[in-house]
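To keep things clear, I will list the structure first and then write my remarks on it.
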Amino acid sequence: MKKFYLTTAINYVNDDPHIGHMYEAVVADVIARHRRRMGDDVRFLTGTDEHGQKIERAAAKEGVLPIELADRVVSRHHDLLKRLNISNDDFIRTTEARHRIGVLELIARIQEHTPDDIYLGEHSGWYCSNEETFIAENQVKNGVDQDGHKVEWTTESNYFFALSRYTERLLKHYRTHPEFVWPPTRLNEVIAFVEQGLKDLSISRSSIKWGIPFPGNPDHVIYVWMEALTNYISALGFGSGDVQPNFEKYWPAEMHLVGKDIVRFHAVYWPAFLMAAGVELPQRVVGHGFWLRDQQKISKSLGNVVRPYNIIDDFGADALRYYVMREMVFGQDQDYSDQSLLARYNSDLANDLGNTLSRALKMSNDYFGGKTPPTSCDDNDVLRQARAVVPQYLRQMDDLAFQRAIETAWELLSTINSYIVGREPWRQFKQTGADESLSRVIWNCLEGVRIVCVMMAPFIPASAREGLSRLGSDPDRIDAAALEWGGLPNNTPIRIGDAIFPRVDVAQYIGEKKMDENEESGRPARPRETGETPATPPPIETTQAAPPGMAKISIDQFMEVDLRVAEIKAAERVPKSKKLIKMTVSTGDDERTIVGGIGTKYTPEELVGRKVVIVANLQPAKLMGIESNGMVLAASIDGEPSLVSVDPSTPNGTRVR
Ligand code: MSP
């Protein structure tokens with residue numbers, strides 16, 4: 001039995017999981033299920049990255065301990081993995097003892113194997129606390145890096161890893177193992193980066209407390225990336241005791257699946273650490289693309305994070321799993337929208353797959369008394385197509401061409417439908433009854449759909465099982481042999497049941513049910529903000545002081561918020577929304593559109609002419625397709641907005657402090 005060790009990136013716990021985390025888990029799950037089906041001994045690891053400044057700061061902001069924040073977010077990850085039907089074999093938290101032991105072992109091995117490769121030195125540079133890394137001088141402009149994150153000039157006495165000594169060895173490895181990074185464009189980027197020459201890497205931090213103390217110097221913690229990457233071996237028991245059966249059995253990994261943003265850490269730092277420690281390198285780093293929103297990167301600070309939990313609740317995990325695997329060309333970026341998800345759900349799942357299944361079942365039910373037909377068939381168009389598409393599909397699965405693999409399964413579905421139309425079984429039944437020839441025709445349809453279910457099992461596991469069991473086939477038989485023609489038993493009870501994928505009225509669902517609650521992101525309903533863009537913090541509660549423990553901000557931070565008096569010149573309701581009002585407001589200098597959730601309390605008519613206070617320097621954000629440029633301030637009394645007002649004689653544009 002071939003082993004297959006597959007890992008995802010471990011997720012930060014500064015925020016709840018979003019579509020990007022879901023996607024990576026789903027892709028890994030599809031690969032794991034496929035490899036298991038092909039007979040491999042799969043070990044599938046995922047987990048959380050809990051140390052470092054990002055988490056320390058997020059916890060301080062909430063007034064909780066880092067571990068409290070981590071515990072809460074980790075439970076959300078567990079919940080999501082369960083709801084998405086992810087079949088991971090292990091989940092590692094970097095706050096676990098087994099991880100600390102593994103990390104210390106890696107450092108000890110480096111010190112033993114290449115004693116000079118870790119040394120104490122001093123380092124100054126532009127430090128980006130968001131990325132937790134020093135940024136090259138040429139990538140910093142006006143105090144921010146290329147991603148717009150603030151950087152600070154920082155000098156630290158640190159431990160260093162002599163990464164520069166690995167430039168040639170890494171380049172040689174890429175040359176001799178071109179499969180090491182996928183897709184090839186990412187490999188080229190990695191090579192170009194390494195060819196510029198590598199700088200030694202600072203691998204400890206004295207400014208951070210939340211981490212694993214550096215061996216022999218507890219004033220330092222281990223640099224979070226060095227720590228995090230080690231999860232892939234610490235989860236296998238690396239360093240724990242004399243015998244490490246899982247490490248022996250599963251390392252090196254066949255695949256590290258990560259987003260394109262962190263390929264470099266996995267393809268440069270990680271192999272260098274392992275070379276230094278004398279540990280075998282992983283086989284492959286696979287970098288997937290990013291889910292975007294309105295062609296923009298999804299980020300917490302832009303407020304455009306997508307968390308389609310309600311899609312999972314309302315349509316099942318398979319709807320989301322199918323969409324992300326079918327819509328995205330693996331390796332490239334893709335825009336997310338609930339609308340496109342539901343459109344695909346209707347056309348592909350409800351119509352193509354669901355209807356073909358129920359059509360075939362219904363005919364078998366009507367003509368053969370609720371059972372599969374008594375006679376099989378081994379020469380027909382559906383069989384020929386199945387034999388043509390299955391090998392093609394398997395190649396596409398192995399090549400990570402998931403979108404094409406699904407399209408290939410759909411070719412078989414389409415052949416089944418043409419076959420039904422061409423054979424007109426209903427006419428045949430009227431003419432000759434349920435004879436042997438009709439038995440063959442119906443059996444062919446059911447058998448074709450069975451093979452489609454087996455092909456689709458890694459993508460939509462729950463629905464594929466349901467489909468198989470309705471067809472009278474063993475739902476647990478989804479191995480390679482089940483892809484061969486002839487597996488459907490004869491004279492076995494079938495079950496029609498309700499539609500596996502009931503059609504949805506997209507306009508109604510998006511318009512009435514979800515958008516009012518969740519804006520565009522499909523985020524679960526939460527206490528509603530008022531007059532906000534999605535980037536806003538929670539509403540200011542009336543008469544309440546800041547809750548104890550809420551982080552204090554400096555006067556400079558407050559001054560960054562540009563509050564101004566503005567006059568509402570025009571207002572109208574946003575179609576299909578009870579709460580949102582689109583306003584044109586004048587700040588004296590400009591007229592802009594702001595969309596605010598104040599429609600439950602105010603009518604557009606009473607708003608016109610009113611002076612309000614706005615946040616003038618918020619990033620634009622889209623609300624129900626309308627770009628909103630700022631936020632109208634309002635207090636929130638149990639969710640009911642109450643506008644902040646100023647003396648009507650105050651000129652438009654006056655700053656509010
Ligand atoms: N903790 C690091 C990874 C350490 S691995 C040793 C990290 N965490 S993360 O939470 O920011 O991201 C986790 C994974 O989700 C990464 O592979 C990242 O690329 C992926 N995604 C984050 N946002 C994404 C999208 N919008 N779309 C697709 N995947 C994205 O990085």
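Just so you know, ligand 1 is whichever comes first in the structure, and atom 1 is the first atom listed for that ligand.
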Donor-acceptor pair, Trp210 side chain versus Glu50 backbone, under 3.5 Å?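 Between the backbone of Glu50 and the side chain of Trp210 there is a qualifying donor-acceptor contact (under 3.5 Å).
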Hey, does [X] come in under 3.5 Å of ligand 1, counting only N/O atoms on both sides?
{"X": "His21", "answer": "yes"}
{"X": "Tyr12", "answer": "yes"}
{"X": "Trp225", "answer": "no"}
{"X": "Ala228", "answer": "no"}
{"X": "Asp261", "answer": "yes"}

Validation row, ring centre His18 to ring centre Tyr336 under 6.0 Å: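 No: the rings miss the under 6.0 Å criterion.
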Distance flag, aromatic centroids of Tyr509 and Phe315, threshold under 6.0 Å: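 When the ring centroids of Phe315 and Tyr509 are compared, they turn out to be within the sub-6.0 Å range.
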Closer than 4.0 angstrom, basic N to acidic O: yes or no for [X] and [Y]?
{"X": "Asp71", "Y": "Arg93", "answer": "yes"}
{"X": "Asp29", "Y": "Arg321", "answer": "yes"}
{"X": "Glu407", "Y": "Arg326", "answer": "yes"}
{"X": "Asp147", "Y": "Lys297", "answer": "no"}
{"X": "Arg83", "Y": "Asp313", "answer": "yes"}
{"X": "Lys260", "Y": "Glu189", "answer": "no"}
{"X": "Arg109", "Y": "Glu105", "answer": "yes"}

Of all the non-hydrogen atoms in the protein, which one sits nearest to [atom], and at what distance?
{"atom": "atom 20 (C) of ligand 1", "result": "Glu24 OE1, 3.6 Å"}
{"atom": "atom 29 (N) of ligand 1", "result": "His288 CE1, 3.2 Å"}
{"atom": "atom 13 (C) of ligand 1", "result": "Asn11 OD1, 3.1 Å"}

Show the atoms of ligand 1 that are less than 4.0 angstrom away from any heavy atom in [X].
{"X": "Gly289", "answer": "28 (C)"}
{"X": "His266", "answer": "5 (S), 6 (C)"}
{"X": "Gly20", "answer": "24 (C), 25 (C), 27 (N), 28 (C), 29 (N), 30 (C)"}

Please work out, at 4.0 Å between heavy atoms, whether the side chain, the backbone, both, or neither of [X] comes within that distance of ligand 1.
{"X": "His18", "answer": "side chain"}
{"X": "Tyr232", "answer": "side chain"}
{"X": "Asp49", "answer": "side chain"}

Mind checking whether Phe265 has a heavy atom under 4.0 Å from ligand 1?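 Phe265 does not count as a contact of ligand 1 under the 4.0 Å cut-off.
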Is the His220 ring parallel, tilted or perpendicular to the Tyr159 ring (thresholds 30°, 60°)?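 Ring orientation, 0 to 90° scale: perpendicular.
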Which of the listed options, Trp291, Trp270, Tyr23, holds the heavy atom that is closest to atom 26 (N) of ligand 1?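 Among Trp291, Trp270, Tyr23, the closest heavy atom to atom 26 (N) of ligand 1 comes from Trp291.
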Determine, considering heavy atoms only, which of Ile10, Ile262, Val258 sits nearest to atom 2 (C) of ligand 1.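 Of the listed residues, Ile10 has the closest heavy atom.
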